[in-house]
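Each chain gets a letter, A, B and so on, in the order the sequences are listed, and its residues count up from 1. Note that this is a predicted model, so its numbers are computed, not measured.
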Amino acid sequence: MKPAAFDYHAPGTVEEAVALLAELGDDAKVLAGGQSLIPMLALRLTAFDHLVDVCRIPELQGVQQRDGGVRIGAAVRHAQVGTSPEVAAAAPLLTLATPLVGHFQIRNRGTLGGAIAHADPAAEYPAAALALDATMDIASPTGRRTLTAQEFFTDLWTTAMEPDEMLVGVTFPAWGGRSGFAVEEFARRHGDYAIAGAEVAVELDETDRVRRCAIGLVALGPTPERPREAEAELVGRPVSEIDPAEVGRLAMAGLTAVTSDGNGSADYRRRVGAAMVARAWTRAVADASTEGAA
Amino acid sequence: MTAAATGDGRVEAGGATRYAGTRIGRVEDPRLLTGRGTYVDDIRLPGMLHAVFVRSPVARGRILGIDASAALALPGVRHVFTAADLNPDVREQWHTSVGPKSPETPRPPLADTDVRFVGDPVALVLADDRYLAEDAAELVEVDYEQLPAVVDYTRAAQAQELVHEAHGSNVVGQLAGRPAATLADVFAGAAHVVTDTIHQQAHTAVPMEGRGMVVDYSASTGELTIHAATQAPHEIRLFCSRLLGLPEHRIRVLMRDTGGGFGQKVMVQRDEMALMLVARRAGAPVKWVEDRRENLLAAGMSRHEHADVSMAFDPDGLILAASIDFVSDCGAYPTPWPVGTSAAVGMLFPGPYRVPAASFTATTVYTNTAGRVAYRGPWQFETLAREVLLDNAAREMGMDPAELRRRNLLRTDELPFANPNGMTYDRITPLETFEQALEMLDYDAFRAEQARAREAGRYLGVGMSTYVEPSTPGYGSYATEAATIRIEPSGKVNVYIAGGSTGNSIETTVVQLTADVLGVAIEDVATIQGDTAVTGFGAGTAGSRSGSMTAGAVRDTATILRERMIAIAAHKLEAAPEDIELVRSRASVRGVPGASVTVAELAATAYFDPYSLPPGVPAGLEASARYTAETRSVWVNAAHVCTCEVDPVTGGVTLLRYIVSEDCGPMINPSVVEGQIAGGTVQGIGGALLEHLAYDEDGNPTATTFVDYLLPTATDVPVIEYGHIETMSGGPGGYKGVGEGGAIGAPPAVVNAVADALAPFGARITRLPLTPESLAALVPPEALR
Ligand SMILES: Cc1cc2nc3c(=O)[nH]c(=O)nc-3n(C[C@H](O)[C@H](O)[C@H](O)COP(=O)(O)OP(=O)(O)OC[C@H]3O[C@@H](n4cnc5c(N)ncnc54)[C@H](O)[C@@H]3O)c2cc1C
């Protein structure tokens with residue numbers, strides 16, 4: 001379990017990093033916290049001649065309030081995401097999701113950008129990014145562009161980024177008013193990737209109707225999923241009349257590509273997924289209800 | 001050895017201090033808890049090469065050719081050895097405890113013509129570092145003709161393909177007790193008969209430190225030094241001397257810390273033989289450290305088995321007969337011969353119950369998977385099958401499972417009791433431990449809580465199990481254990497025993513026992529273990545024998561020195577030997593204040609002033625003795641009680657309380673006893689809920705990292721609560737073995753608790769592990785809400 005030899009690069013700027021990626025082509029790979037990449041190298045499931053460590057680039061650091069939301073540098077560690085007051089204020093789903101990402105040792109090294117670029121459908125942050133309509137700041141040798149989460153996650157472990165592109169930061173718009181948040185997931189053990197999970201944000205109006213809601217689904221398809229039809233059906237309804245179990249069923253209804261693997265068949269994942277949505281919905285609504293009318 | 005045991009011991013009437021029985025701080029702790037243990041990977045010798053195995057990627061195949069030229073061309077790569085290079089050097093190949101005549105599976109150190117499981121060692125690469133060796137291993141080209149593999153052991157006996165062609169069959173062996181037909185009338189006439197087929201999945205020891213070895217041969221002296229991760233340093237030496245034809249006294253085996261063994265490191269396996277065989281050819285010391293992937297691929301498999309089990313009961317729930325037809329998978333290269341252990345499953349199936357008649361068959365089959373190796377309580381399936389069956393019987397009869405057990409458990413006034421398979425139990429307390437565990441839980445209160453929870457739509461359950469286990473085998477190479485004790489000229493004491501501790505704390509317990517017999521302060525005693533050059537032969541850690549056997553060795557050896565010290569002190573103090581007492585490294589005359597002499601002074605006399613010794617007392621204070629076990633085994637028993645909550649939607653299990661009441665005799669150190677119980681229990685919980693060394697239908701292992709092989713972690717295990725009943729064994733100190741029991745009792749307690757929780761759904765659980773999905777499947781969606 002030792003990786004094949006590679007050259008290590010630690011560029012100091014985004015421009016240097018993407019230039020290196022362009023120059024080295026397929027032989028190079030971005031290295032962030034290494035919590036997903038290094039095990040694959042050590043098991044020799046993959047090999048690269050060059051690793052470009054992006055964790056020392058200043059532009060990838062830090063958490064800033066921006067346009068009523070929060071911008072998180074791609075190299076910000078999970079541990080920092082989980083404890084940041086700015087994140088807790090603007091995007092509480094991330095704060096709630098963080099303790100479920102692996103174990104503290106992993107959270108001390110793993111980065112938000114790495115988790116999102118890795119695009120594991122069972123990971124917590126990609127689903128949160130999708131649910132919260134986060135935007136991705138991406139750099140390439142020819143310039144910068146921004147993608148929505150919807151555009152970004154394209155397939156299993158696959159994103160819309162080109163090999164010579166890198167993720168610089170992710171911006172999460174804030175939810176105001178009477179909003180509530182909850183994350184529920186079921187895993188074999190604490191810290192394992194979920195068998196199925198749900199990340200729910202809900203905002204209530206003054207009459208306790210659903211003003212808006214967002215549901216991020218974990219491990220229920222090849223990418224993080226978002227049941228937009230279910231969300232649309234819930235908006236405008238008095239929250240007291242919504243049966244959480246119905247939310248669970250609605251959320252599962254539109255899923256077409258739930259996977260089966262050693263941890264669970266597709267049918268079982270749907271059963272667990274529906275329950276996680278229902279439980280997260282219940283808690284998110286309770287959380288929103290405690291906020292005084294806006 | 002620098003660390004000392006810490007603690008004050010217990011002051012007894014008369015002022016003597018007794019360390020046995022107290023929670024003395026472990027000798028091992030300071031170095032282990034500060035990360036300063038010495039494992040095989042910590043051994044660094046000048047010029048040392050690093051070994052990596054090339055392993056078969058196919059489950060069954062023929063080796064058509066091996067081309068190592070590209071690997072050898074890599075700078076820093078020193079050798080690539082194949083079977084053709086190494087296997088011809090084998091002289092003899094047998095394990096001491098099994099003997100040369102056992103019908104063993106032929107074990108080529110490296111695969112010669114055929115590969116028989118994914119992970120089968122095919123070639124051995126030596127390079128300047130581990131990275132290079134792994135690079136080179138990838139470049140060794142092996143041409144395989146892939147053949148259909150025997151993977152499903154339940155069909156192996158009928159399969160066309162043979163794992164070992166020369167054996168002529170995939171059935172390794174079969175043993176049986178009384179024929180089931182002779183019990184047909186009992187079953188036919190019984191008020192209740194309960195029958196199940198119970199399956200256990202493959203899982204195994206997964207010690208935190210994999211296997212490993214550094215071999216260091218000196219051509220100039222003809223001496224071979226081996227540093228090993230092992231439970232049995234002397235066995236490595238003996239085995240190696242036979243394998244290589246090197247005289248035993250030219251080989252020195254050293255073990256310092258070993259990061260767990262649990263049975264996997266009792267016996268030399270093929271990979272380790274290959275290391276021994278390269279020692280003389282490498283021209284340098286060679287290190288092999290098994291990594292996690294290799295450990296899960298090739299260090300062995302355990303527990304893969306099933307049985308058809310039945311019990312007959314009278315109208316009151318008294319057991320009339322028990323029968324088990326047991327089939328176990330032993331993979332391609334079992335170590336050692338697996339048929340004997342599988343017969344033990346049959347013989348122990350009646351357990352600590354009043355079972356008047358029993359029958360069994362035990363069949364062992366080969367498959368193209370990793371070979372079966374011992375794992376903590378190797379015959380544990382008897383307890384799993386019996387206890388799960390008993391709970392199913394209780395449910396069928398509408399009886400409380402505790403009451404069913406209570407009616408059938410052996411009482412002490414019935415002992416000794418010969419079970420129908422000829423196992424004679426004695427000095428055990430099945431009913432007492434069972435009642436103690438239920439009392440610790442407050443069983444009736446839990447049942448009431450369970451009923452309230454069910455009203456509220458929550459599913460709680462309680463499971464229990466009891467077992468009786470033969471520890472401390474008293475036959476063959478296991479029958480004796482030696483100690484050497486030297487009270488050095490300064491009065492400090494060193495105890496030398498064979499060792500083989502893989503976490504079982506014998507450094508601590510040996511120091512406690514020695515201090516007690518000698519009457520010296522515990523901080524004056526140190527121990528040296530795991531070095532064959534300075535310790536007498538001992539079979540190592542196996543069969544829950546270390547504590548109970550070394551207790552005999554220490555007692556017999558220390559008694560010689562104690563008597564000698566008393567004789568010298570009596571002579572010096574002009575008192576009668578009967579009046580001398582030894583307390584905290586000082587000999588004094590009872591009732592005569594001030595008349596005393598220190599052990600250091602006695603030692604100085606013994607070594608430096610031999611002419612003033614009393615007549616007949618030899619110079620020096622050194623002694624060796626070898627203890628011989630008085631019985632074939634020492635019986636131990638325990639009861640486990642576990643409570644849980646099951647989420648009927650996800651099938652997730654949360655263990656709530658876990659209680660073990662055990663009788664291992666008087667405890668040398670309760671903390672050590674409880675540590676052993678906890679470790680075994682956690683492994684048993686893992687086996688019931690999580691761990692699965694799975695293969696796909698082509699024989700590809702699917703759990704080769706800890707992402708897929710799920711071990712219980714701190715968040716999966718509740719605080720374990722301990723109850724103790726102390727019944728003397730017939731052996732030294734009355735001690736019994738306690739190393740394995742936790743792993744035996746835990747799986748059925750967990751299974752029964754989960755089945756009890758899901759009983760309202762009519763659930764019956766007969767297959768491990770209890771994955772959440774398999775449990776959710778017992779609760780149909782329409783039963784929810
Ligand atoms: C035992 C264990 C348990 C885990 N459990 C969980 C869990 O429960 N939930 C969960 O979500 N995750 C889990 N993880 C994964 C962990 O969160 C990783 O840290 C994360 O997935 C990847 O982040 P990283 O910074 O370590 O990225 P790396 O491993 O360094 O990189 C991952 C991938 O992303 C690419 N990449 C990284 N940063 C960038 C960037 N800025 N631009 C472009 N590409 C980039 C890399 O090239 C690579 O392909 C677990 C990991 C381990 C080892």
Side-chain angles (χ1 to χ4, degrees), chain A residues 1-6 35-36 38-47 99-100 102-106 120 122 184-198 219 243-246 248-249 252 260-279, chain B residues 50 52 74 76 127 129-139 210 289-296 647-654 686 689-692 694 696 702-717 769-777 779-781 784-785:
Chain A
M1 291 172 71
K2 302 287 185 207
F6 54 80
Q35 299 303 291
S36 296
I38 296 290
M40 289 191 290
L41 296 176
L43 289 163
R44 296 189 181 230
L45 297 174
T46 182
L100 302 174
H103 310 279
F104 72 84
Q105 295 90 335
I106 290 148
D120 192 312
E184 285 278 351
E185 69 172 42
F186 179 68
R188 292 294 297 275
R189 301 168 303 178
H190 176 84
D192 285 344
Y193 278 110
I195 286 174
D243 174 6
E246 183 202 346
R249 275 193 302 276
M252 295 302 108
S260 290
D261 62 26
N263 279 323
S265 66
D267 282 348
Y268 172 64
R269 281 215 152 87
R270 286 171 172 279
R271 169 181 171 135
V272 175
M276 295 305 121
V277 170
R279 290 175 193 180
Chain B
H50 296 258
V52 163
L74 210 62
D129 69 43
R130 173 87 190 205
Y131 290 82
L132 281 172
E134 289 196 22
D135 291 346
E138 280 196 321
L139 294 175
V289 171
E290 183 180 59
D291 67 25
R292 182 56 53 199
R293 188 167 162 275
E294 286 184 286
N295 185 262
L296 288 168
D647 180 334
V649 182
T650 62
V653 175
T654 306
L689 297 177
L690 293 164
E691 301 178 35
H692 191 179
D696 71 13
T702 57
T704 59
T705 72
F706 281 158
V707 173
D708 296 303
Y709 191 93
L710 306 182
L711 288 173
T713 66
T715 53
D716 304 298
V717 179
L770 312 186
T771 63
E773 182 167 13
S774 72
L775 297 178
V779 184
L784 295 173
R785 48 179 327 124

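- Between A:R44 and B:D135 there is a salt bridge, since a side-chain N of the basic residue sits under 4.0 Å from a carboxylate O of the acidic one.
- At a 4.5 Å heavy-atom cutoff, B:T704 makes no contact with chain A through either its backbone or its side chain.
- Take A:Q35 and apply the side chain to side chain contact (heavy atoms under 4.5 Å, CB included) test, not counting sequence neighbours, and it matches A:I106, A:R109.
- Residue A:D192 holds its CG atom at 8.5 Å from OG1 of B:T715, rounded to the nearest 0.5 Å.
- Side chains of A:V272 and B:E773 form no contact here, defined as non-hydrogen atoms less than 4.5 Å apart.
- No part of A:P39 comes within reach of chain B, as not one of its non-hydrogen atoms sits under 4.5 angstrom from that chain.
- A distance-only check finds a donor-acceptor pair linking the side chain of A:R189 to the backbone of B:L711 [under 3.5 Å].
- Here the side chains of A:K2 and B:D291 are not in contact, with every heavy-atom distance at 4.5 Å or above.
- What you find for A:Y268 and B:P772 is that their closest heavy atoms are OH-CB, 3.0 Å.
- B:F706 CZ: more than 12 foreign heavy atoms inside a 6.0 Å radius.
- Neither the backbone nor the side chain of B:E294 comes within contact range of chain A; no heavy atoms are under 4.5 Å apart.
- Taking the side chain as every heavy atom from C-beta outward, B:T713 and A:H190 never approach each other to under 4.5 Å.
- B:D708 does not touch chain A: none of its heavy atoms, backbone or side chain, sits under 4.5 Å away.
- Judged as a salt bridge (charged side-chain N to carboxylate O under 4.0 Å, His left out), the pairs with a partner in residues 261-275 of chain A (not counting sequence neighbours) are, in order, A:D261-A:R269.
- What you find for A:P3 and B:Y131 is that their closest heavy atoms are O-CD2, 3.6 Å.
- Of the two parts of B:L689, only the backbone, made up of N, CA, C and O, holds a non-hydrogen atom closer than 4.5 Å to a non-hydrogen atom of chain A.
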